[in-house]
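Single-structure report; data block below.
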Amino acid sequence: MEQAAHAWHLKIGAVLHQSGSPLHAPVLQWYDANARVLPWRDPAASPWAVMVSEFMLQQTPVARVLPAYERWLERWPTPADLAAEPPGEAVRAWDRLGYPRRALRLHAAAQAIVERHGGEVPSDHADLLALPGVGTYTAAAIASFAFGQRHAVVDTNVRRVLARALTGVAQPTISPTAADQRLAVAALPADEPTAARWAVASMELGALICTARTPRCADCPIRRQCAWVLAGSPPYDGPPRRGQTYEGTDRQARGRLLAVLRASTTPVPKPQLDATWPDAPQRERALDGLVADGLVEPLPHNHYRLPA
DNA sequence: CACGCGTGGTA
DNA sequence: TTACCAAGCGT
């Protein structure tokens with residue numbers, strides 16, 4: 001079966017490389033006509049602006065990112081501007097985007113950029129990957145979107161598009177695999193500028209048309225080549241995807257605690273934090289976790305604040 | 001590699 | 001309403 005899989009990949013690769021993939025032209029054309037106008041796609045957007053958008057968009061929808069993004073860049077137009085402020089200010093400005101450790105990592109990344117790269121967001125993929133909070137996806141995204149380089153930019157949207165169009169299944173695997181990455185690399189246009197356009201375009205297709213729940217196949221530019229559609233759009237048959245409960249979790253408790261601290265510019269006395277969560281052991285665990293993560297700073301006399 | 005990590009919108 | 005989903009990362 002390894003043989004078969006290998007042969008299949010060779011076949012896919014061969015198809016994709018003849019005159020570019022038959023997917024490229026329709027997707028690129030569709031993108032030109034249908035792409036959303038987003039501030040980080042403005043040709044004038046700096047690499048730092050692209051980087052900020054990528055951090056915020058990690059698991060947070062575009063609509064909620066937009067206002068925070070605008071405020072953030074107005075306040076900190078360069079990495080040096082952010083690096084000069086205490087990390088707690090980044091956490092506060094992060095507002096309710098969720099996963100506030102991203103704010104801490106963006107702040108740390110800004111400091112690293114100042115220290116190691118003279119205050120300029122690096123264009124080299126390996127340099128990007130070495131920054132806090134920058135993983136495989138984000139490094140490729142910044143290199144591609146901000147610097148026009150040729151990288152496989154593999155996010156959940158792209159994984160879904162490729163799973164359907166090329167593999168012929170309703171949903172990609174639950175977690176990213178090496179196979180996804182290989183497929184995305186094989187699907188990449190050969191020349192740099194086209195590859196960069198393909199990266200945004202294929203992602204946008206996944207966000208607007210090839211959506212997770214109710215794909216709008218009638219409007220899809222590649223429905224005639226889509227392996228999943230051609231197979232009759234078979235339903236998902238893999239293992240059940242575990243849903244994230246939130247009510248009553250440590251996550252929710254952490255969120256409550258941090259919300260109080262974000263709202264206060266002065267140190268908060270412990271009793272005020274205690275009022276946010278009834279279950280004492282869980283509350284203490286959550287608070288300890290926040291301190292351990294560097295999101296909260298304990299002070300003498302039972303007071304707490306965002307890290308200075 | 002599976003898990004923990006926020007928050008809110010939608011079907 | 002509950003459940004799923006949203007441009008992932010670090011451990």
Side-chain angles (χ1 to χ4, degrees), chain A residues 35-36 38-41 49-69 91 94-106 108-109 128-146 151-161 170-178 180-181 184 199-208 210-216 236 239-262 276-277 282 285-286 288-290 292-296:
Chain A
R36 290 168 291 181
L38 298 170
W40 46 86
R41 286 182 183 162
V50 171
M51 180 169 162
V52 169
S53 79
E54 289 305 329
F55 270 70
M56 291 184 169
L57 288 164
Q58 291 168 3
Q59 300 284 279
T60 302
V62 167
R64 277 205 288 141
V65 162
L66 285 168
Y69 167 88
V91 174
W94 197 253
D95 197 34
R96 302 185 70 79
L97 290 181
Y99 295 144
R101 291 188 294 193
R102 289 181 292 164
L104 234 34
R105 292 179 185 142
L106 183 51
L128 288 165
L129 198 53
L131 297 172
V134 177
T136 311
Y137 162 76
T138 304
I142 297 171
S144 180
F145 302 160
H151 293 282
V153 182
V154 187
D155 75 329
T156 186
N157 290 305
V158 169
R159 295 204 317 120
R160 190 172 52 248
V161 168
Q171 301 289 348
T173 54
I174 293 174
S175 49
T177 63
D180 296 332
Q181 198 67 28
V200 238
S202 55
M203 197 176 306
E204 188 78 339
L205 186 69
L208 297 185
C210 195
T211 55
R213 268 186 279 195
T214 314
R216 304 172 56 198
Y236 176 70
R241 329 205 133 215
R242 55 174 259 278
Q244 356 154 253
T245 54
Y246 183 59
E247 203 64 26
T249 59
D250 285 13
R251 266 141 107 155
Q252 188 182 27
R254 288 166 57 108
R256 291 265 184 88
L257 293 167
L258 209 55
V260 171
L261 293 163
R262 269 198 314 261
T276 63
W277 197 261
Q282 188 177 29
R285 184 169 68 240
D288 288 348
L290 288 170
D293 288 346
L295 284 162
V296 172

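At a threshold of 4.0 angstrom between heavy atoms, the contacts of A/R160 are confined to the sugar-phosphate backbone, with no base atom among them. Looking at heavy-atom distances under 4.0 Å, A/T138 makes contact with sugar-phosphate atoms alone, never a base. No engagement by A/S53 is indicated, since no non-hydrogen atom pair under 4.0 Å with the nucleic acid exists. Residue contacts for A/R285: at a heavy-atom cut-off of 4.0 Å it reaches no nucleic acid atom on any strand shown. In this structure, A/R96 reaches the sugar-phosphate backbone alone: every heavy-atom distance under 4.0 Å involves primed, P, OP1 or OP2 atoms, never a base. Heavy atoms of A/V153 sit nowhere under 4.0 angstrom from any nucleic acid atom. Within the 4.0 angstrom heavy-atom criterion, no nucleotide atom of any strand lies near A/W94. A/P176 comes within contact range of no nucleotide atom at all, as no heavy-atom separation falls under 4.0 Å. A/T136 comes within 4.0 angstrom of sugar-phosphate atoms only, judged by non-hydrogen atoms across all strands, and of no base. Contact annotation for A/I142: no contact, since no heavy-atom pair falls under 4.0 Å across all strands. Nucleic acid contact for A/A141: none, since no nucleic acid atom lies under 4.0 Å from a heavy atom of the residue.
Distance check, rounded to the nearest 0.5 Å: CZ of A/R64 to CZ of A/R96 gives 9.0 Å. Note that CZ of A/R285 is 5.0 Å distant from CD of A/Q282, once rounded to the nearest 0.5 Å.
Put simply, CZ on A/R102 is 14 Å from C1' on B/dG4, counting in whole angstrom units. If you measure from atom OH of A/Y99 to atom C1' of B/dG4, you get 8 Å, rounded to the nearest angstrom. Nucleotide B/dG6 holds its C1' atom 15 Å from the CG atom of A/L261, rounded to whole Å. Regarding A/F55, its CZ atom lies at a distance of 16 Å from the P atom of B/dG6, rounded to whole Å. Remark: C1' of B/dG6 and CE of A/M56 are 14 Å apart, rounded to the nearest angstrom. The CG atom of A/D95 sits 12 Å away from the C1' atom of B/dG8 (whole-angstrom rounding). The separation between A/L97 atom CG and B/dG6 atom P is 12 Å, rounded to whole Å. In this entry the distance linking CD of A/E247 with P of B/dT7 reads 12 Å, nearest Å.
A/M51 has its side chain within reach of A/L106: a pair of non-hydrogen atoms, C-beta onward, lies under 4.5 Å apart. Proximity of A/W277 to A/Q252: side-chain heavy atoms (C-beta onward) are separated by under 4.5 Å at one or more points. Looking at heavy atoms from C-beta onward, A/L257 lies in side-chain contact with A/L290 at the 4.5 angstrom threshold. Counting heavy atoms from C-beta outward, A/V91 and A/L258 have side chains that approach closer than 4.5 Å. Under the 4.5 Å side-chain criterion, counting only non-hydrogen atoms from C-beta, A/V62 is in contact with A/W40. A/N157 has its side chain out of reach of A/C210: every pair of non-hydrogen atoms, C-beta onward, lies at least 4.5 Å apart.
Across B/dG8 and C/dC9, the matching P atoms stand 23 Å from one another, rounded to whole Å. A gap of 22 Å separates the P atoms of B/dC5 and C/dA7, to the nearest Å.
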Please report the C-alpha distance between A/R159 and A/T173 in whole Å, then the side-chain angles of each, then the deciding distance to 0.1 Å, and finally whether the side-chain contact (heavy atoms from CB on, under 4.5 Å) criterion is met.
CA-CA 8 Å; A/R159 295 204 317 120; A/T173 54; 3.1 Å; yes

Using the side-chain contact (heavy atoms from CB on, under 4.5 Å) rule, take A/Q59 and A/Y99 through it: C-alpha gap first, then chi angles, then the decisive distance, then the call.
CA-CA 8 Å; A/Q59 300 284 279; A/Y99 295 144; 3.8 Å; yes

Under the side-chain contact (heavy atoms from CB on, under 4.5 Å) rule, what do A/L131 and A/R105 come out as? Steps first, then yes or no, please.
CA-CA 9 Å; A/L131 297 172; A/R105 292 179 185 142; over 6 Å; no

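Not one N or O on the side chain of A/T60 forms a donor-acceptor pair closer than 3.5 Å with the backbone of A/L57. Listed for the A/E54 side chain is no donor-acceptor partner under 3.5 Å among the backbone atoms of A/V50.
Bracketed by its first and final contacts, the part of DNA chain C lying under 4.0 Å from non-hydrogen atoms of chain A reaches from C/dC4 to C/dG10 in 5' to 3' order.
In DNA chain B, the stems built from three or more successive Watson-Crick or G-U pairs (distances below 3.5 Å) are B:2-5 with C:8-11, B:7-11 with C:2-6.
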Produce the list of close N/O pairs, under 3.5 Å, pairing protein atoms with atoms of nucleotides 9-11 of chain B; give distances to one decimal.
{"residue": "B/dG9", "atom": "N2", "partner": "A/R213", "partner atom": "NH2", "Å": "3.3"}

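If A/P61 and A/L129 are placed on DNA chain C by their nearest nucleotide, the residue sitting closer to the 5' end is A/P61. Between A/P132 and A/L57, the one whose closest nucleotide on DNA chain C sits nearer the 5' end is A/L57.
Checking B/dC5, B/dA2, B/dG6 against every side-chain atom of A/S175, the shortest atom distance belongs to B/dA2.
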